[in-house]
Amino acid sequence: MKQYLISPKTKQYRANLHAHSTFSDGKLSPEELKRAYRAQGYSILAVTDHEHPKSHFELSDPDFLMLTGYEAYIRTNASARFDRYEPEVHLNLFARDPHNETMICFNESYVKYIDDPAERANLRRVGSERPREYSVSYINEFIRTAAAHGYLVSYNHPVWSLEDEETILSYENIFSLEICNYSALRQNGEEFSCALYDKMLRRRMRVFCHAGDDNHNKQPLDCPRSDSFGAFTMILSDSLSYDSVISAMERGEMYASSGPLIHEISLEDGVVHIECSPSKRIILHTGSKAPKFEIAPKGQTVSSADLKLDPIAPYLRVMVIDEEGGIATSRGFFRSEFLA
Ligand SMILES: [Zn+2]
Ligand SMILES: [Zn+2]
């Protein structure tokens with residue numbers, strides 16, 4: 001029997017799950033961001049300002065959804081000073097409830113963008129407010145607190161953050177890895193973290209993956225250096241309602257891309273069938289040294305492949321690379337999710 005991991009029948013919505021607005025250090029207002037992203041064919045935008053939990057749900061339309069969330073961070077010094085050679089942790093907190101504006105582990109030195117005294121005074125604060133500490137135990141406690149108060153927590157831009165890989169692999173309750181961060185990719189050329197993601201999957205960590213722009217829009221949208229429209233997440237959802245989209249994310253019904261689209265991944269009789277936009281390579285990763293792959297002859301493209309699944313593969317992850325070097329990747333699907 002054929003099993004669909006990505007069904008061609010499910011609608012895919014283009015999302016940017018990481019954006020900064022004038023509510024922190026971004027140049028565009030949430031309204032301007034919404035307009036710009038809608039004009040580029042997006043249907044979903046999460047405005048995730050630094051340490052500023054703020055719902056922009058009221059800007060949603062029947063054909064455009066604003067997700068609620070914010071970006072939290074933990075640095076190695078208690079004063080939260082930026083040091084370009086020190087590691088730090090950035091987490092996106094996506095609210096299950098569109099009106100959730102809860103601040104996790106409030107710390108004066110981190111909260112720089114809530115200027116309005118009334119907003120500050122009325123902030124709903126939960127979790128320990130002791131000085132933030134750059135340690136695995138503190139960060140795990142932070143993530144646990146966020147998860148307990150209605151947030152899905154993602155781990156952001158692992159290359160930019162300079163953390164040791166073993167440290168990243170010690171974090172618990174991460175719902176998704178930001179496998180591609182366009183703002184950083186544009187700058188460092190390396191912020192597509194497939195090898196790290198495979199390491200998580202090889203350790204049987206149940207983590208999904210997604211991509212986002214992390215745009216601050218310090219350059220105009222049509223400038224080659226612009227940090228918008230470079231990496232996105234396709235969310236597979238029955239509708240564009242807040243509940244339907246956030247539940248799809250929570251179930252991992254999404255994939256990350258800096259270009260190609262994946263139309264179908266299905267499994268039948270031990271063969272994985274993939275349909276995608278015209279690309280150079282289609283690769284089936286399973287955590288082994290020998291992924292199966294399809295490659296287009298010079299000057300041509302491929303848009304489908306049938307790749308045999310290793311019968312002992314613990315998981316599968318489909319990756320597609322297009323002619324411009326754009327990459328799309330599915331999440332890891334574990335053997336326990338496959339039909340027998
Ligand atoms: Zn960040
Ligand atoms: Zn950011």
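Every number for a ligand or one of its atoms is a count from 1 in the order of the listing.
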message: I'd like to know whether Glu129 forms a salt bridge (charged side-chain N to carboxylate O under 4.0 Å, His left out) with Arg125, so could you lay out the CA-CA distance, the side-chain angles of the two residues, the decisive distance to 0.1 Å, and finally the verdict.
response: CA-CA 9 Å; Glu129 298 192 359; Arg125 292 150 57 156; 2.7 Å; yes
task: Would you confirm whether Ser279, through its side chain, and Ser277, through its main-chain N or O, come within 3.5 Å as a donor-acceptor pair?
output: yes
- line: Grouping ILVMFWY residues whenever side-chain heavy atoms fall under 4.5 Å, the cluster of Leu65 otherwise contains Tyr13, Leu17, Ile44, Phe57, Leu67, Phe94, Leu152, Phe175, Phe208, Ile235, Leu240, Tyr242, Val245, Ile246, Met249, Met254
message: Is it the case that atom NZ in Lys9 sees more than 12 heavy atoms from other parts of the structure closer than 6.0 Å?
response: no
message: My understanding is that only one of Glu119, Lys112, Glu71, Glu101 makes a side-chain hydrogen bond (donor to acceptor under 3.5 Å, both in side chains) with His52; could you say which?
response: Glu119
- prompt: List-wise, which protein N, O or S atoms are found short of 2.8 Å from the Zn ion (ligand 1)?
  reply: Glu71 OE2, His90 ND1, His157 NE2
- prompt: Counting only heavy atoms not in Asp61, do more than 12 sit closer than 6.0 Å to its CG atom?
  reply: yes
